[in-house]
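The structure presented is a predicted model; accordingly, all values stated were derived computationally and were not measured. In what follows, chains carry the letters A, B, and so on, assigned in the order in which the sequence lines appear, proteins first and then strands, with residues in each chain numbered from 1.
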Protein chains: 2
Amino acid sequence: MIDRTLVSALPIFAGMEESALDKLLSNAVQRPVAKGAKVFEQGQKATSFYLLLQGRLKVMQVTAGGQQLIVRVVHPGDLFGFALAIGRTEYPGTPIAVADSIVLAWPMNMMNSFLERNPTLAINAMQMIGQRLDQAHNRIREMSTQEVERRIAHTVIRLAQEAGIHEGADIRIDFPISRQDIAEMTGTTLHTVSRILSNWETRGLVKGGRQLLLVSNLTGLKRLAEHED
Amino acid sequence: MIDRTLVSALPIFAGMEESALDKLLSNAVQRPVAKGAKVFEQGQKATSFYLLLQGRLKVMQVTAGGQQLIVRVVHPGDLFGFALAIGRTEYPGTPIAVADSIVLAWPMNMMNSFLERNPTLAINAMQMIGQRLDQAHNRIREMSTQEVERRIAHTVIRLAQEAGIHEGADIRIDFPISRQDIAEMTGTTLHTVSRILSNWETRGLVKGGRQLLLVSNLTGLKRLAEHED
DNA sequence: CGCTTGGTTGATGTCTGTCAATTTTTGTGG
DNA sequence: CCACAAAAATTGACAGACATCAACCAAGCG
């Protein structure tokens with residue numbers, strides 16, 4: 001049995017009664033996922049849905065043409081793999097642990113019955129998905145109106161806010177992330193990402209390294225991202 | 001009072017009891033929207049949410065830099081303007097009627113109470129938003145991996161499926177749509193759209209015109225959209 | 001200490017956005 | 001009902017941002 005206090009503060013469970021939350025947790029299974037391992041694979045029948053307790057995941061998709069892209073990064077406290085909630089029976093992507101992680105899993109068929117019995121949970125879930133929709137629209141807007149450099153700037157800022165820890169004067173992205181990863185998040189190539197990050201480094205905006213990214217000048221980066229030059 | 005039979009078949013109300021649906025409808029206000037008129041404007045406080053009964057809307061967004069894009073096309077039976085469901089207090093976009101339309105409006109504050117009392121409705125709403133999320137992800141994938149011609153092909157195919165009516169051997173997009181509109185849906189310029197559609201016309205795939213689009217060869221278009229050349 | 005993975009950087013080509021000019025269609029007011 | 005203006009579409013010329021191709025370097029790791 002998972003301790004309620006571990007999860008009761010999460011937005012998705014906000015406003016739920018303790019007994020209901022306990023009931024929910026009693027049906028969850030805890031599972032460690034080693035760095036580099038997949039939680040499930042794109043195209044598999046969706047049998048469970050998940051909550052990330054600890055660690056970090058990236059959700060990948062491969063297109064029919066074999067190209068890869070990163071749909072999103074899953075942070076602790078995020079739900080993922082709730083295919084049925086969006087009317088699908090198969091998982092649309094593959095979550096891969098980029099750091100040693102722990103996930104909570106529920107059988108998918110529990111979802112509907114639980115949502116029906118807990119309207120608060122249903123509303124929370126709807127809002128969470130809604131926020132994701134909003135983020136997706138932002139990304140679409142960025143991709144259709146902004147050139148690569150600003151898209152990368154936005155992505156790096158987002159990462160700094162969602163997964164940044166202060167390290168001296170810098171903000172460090174708290175998981176291993178490659179140029180290729182950033183390219184797959186912004187819809188460009190690792191070459192272009194590398195060039196732009198190198199340029200930023202000479203300008204003192206960021207510090208780079210192997211699977212490493214530090215933001216040195218967040219406001220400068222924001223100016224670059226927002227400003228209509 | 002709006003007649004229940006007009007809306008009871010809509011997916012969003014699937015599984016709802018008649019009495020609950022009647023109660024819901026008794027709080028709705030019907031409102032005609034003339035072609036070219038806006039239902040509400042981006043940035044306004046979200047006071048109502050809507051259902052499109054008849055006609056067609058395009059939802060526009062303007063970026064900080066003044067660029068426009070079309071977030072989506074609203075077809076009869078679709079909900080729109082449910083900002084609160086996604087945790088916002090202002091409308092994120094502006095719906096404009098591209099044909100004379102009729103909408104149903106509810107006060108936004110009714111939403112939560114109604115969802116709490118109708119778990120089925122909450123689940124339906126969640127799934128609907130989820131499907132939209134899925135569509136948004138598809139669009140992101142297209143934008144990051146495909147060149148303009150294939151993106152336009154996908155968009156035209158989608159329009160033909162969602163708003164196409166057969167007209168002889170052709171499929172006609174059933175509302176006035178300009179090259180500019182298509183450009184704003186695909187993240188390109190009207191010039192590029194014009195060039196590509198002209199080319200398609202010489203190849204017998206589509207027929208064009210002023211605010212007009214007919215698909216002559218859907219399978220050919222699909223081959224163009226799917227095929228890895 | 002070689003191999004593998006990730007990163008950098010240069011050269012080149014091309015897609016597609018920008019600028020510009022022209023035509024076609026539609027709507028409106030005299 | 002015609003003339004004129006406004007809106008939509010077409011097409012060409014040109015440039016620039018990025019992808020692609022290619023070679024080389026650095027850093028973990030067995």
Minimum-distance nucleotide (side-chain atoms of B/Thr192 versus D/dA27, C/dT16, C/dT9): C/dT16
In whole Å, I'd like the distance from the CG atom of B/Leu197 to the C1' atom of D/dT11. 14 Å
Would a distance-only check, ignoring hydrogens and angles, find a side-chain to backbone donor-acceptor pair under 3.5 Å from B/Asp3 to B/Thr5? yes
Ranking C/dT9, D/dC18, D/dG28 by distance to the side chain of A/Ser194, first place goes to C/dT9
Are the side chain of B/Ser101 and the backbone N or O of B/Arg56 linked by a donor-acceptor pair below 3.5 Å? yes
For the pair made of CH2 in A/Trp200 and P in C/dG7, what is the distance, rounded to whole Å? 15 Å
Between D/dC18 atom P and A/Ile196 atom CD1, what is the distance in whole Å? 7 Å
Nearest-nucleotide 5' precedence on DNA chain C, A/Asn199 against A/Arg210: A/Arg210
Euclidean distance, atom CD of residue A/Glu147 to atom P of D/dA19 [Å, nearest integer]: 12 Å
Over how many whole Å does the gap from B/Gln146 atom CD to D/dA19 atom C1' extend? 16 Å
Near-strand residues of residues 174-190 of chain B, defined as heavy-atom separation under 4.0 angstrom from DNA chain D: B/Ser178, B/Arg179
Backbone of B/Ile12 reached by a side-chain donor or acceptor of B/Asn124 within 3.5 Å: yes
Expected output: side-chain B/Asp181 to main-chain B/Ser178 donor-acceptor under 3.5 Å: yes
Roughly how many Å is it from NZ in B/Lys207 to C1' in D/dT10, rounded to a whole number? 19 Å
Hey, is the main chain of B/Thr188 close enough, under 3.5 Å, to the side chain of B/Thr192 for a donor-acceptor pair? no
Please report the distance, rounded to the nearest Å, between CD in B/Gln211 and P in D/dA7. 12 Å
More than 12 heavy atoms of other residues, nucleotides or ligands under 6.0 Å from CD of B/Gln54: yes or no? no
Upstream residue (5' side of DNA chain D) when A/Glu149 and B/Ser198 are each assigned their closest nucleotide: B/Ser198
Is there a donor and acceptor pair, one atom on the side chain of A/Arg195 and one on the base of C/dG10, closer than 3.5 Å? yes
Touch check for A/Gly209, heavy atoms < 4.0 angstrom, all strands: base, sugar-phosphate only, or nothing? sugar-phosphate
D/dA22, C/dG17, D/dA8: which one has an atom nearest the side-chain heavy atoms of A/His191? D/dA22
Just the rounded figure in Å: distance from P of C/dT24 to CG of B/Leu212. 18 Å
Under the ring-ring contact (aromatic ring centres under 6.0 Å, His included) test, which residues partner A/Tyr91, sequence neighbours left out? A/Phe40
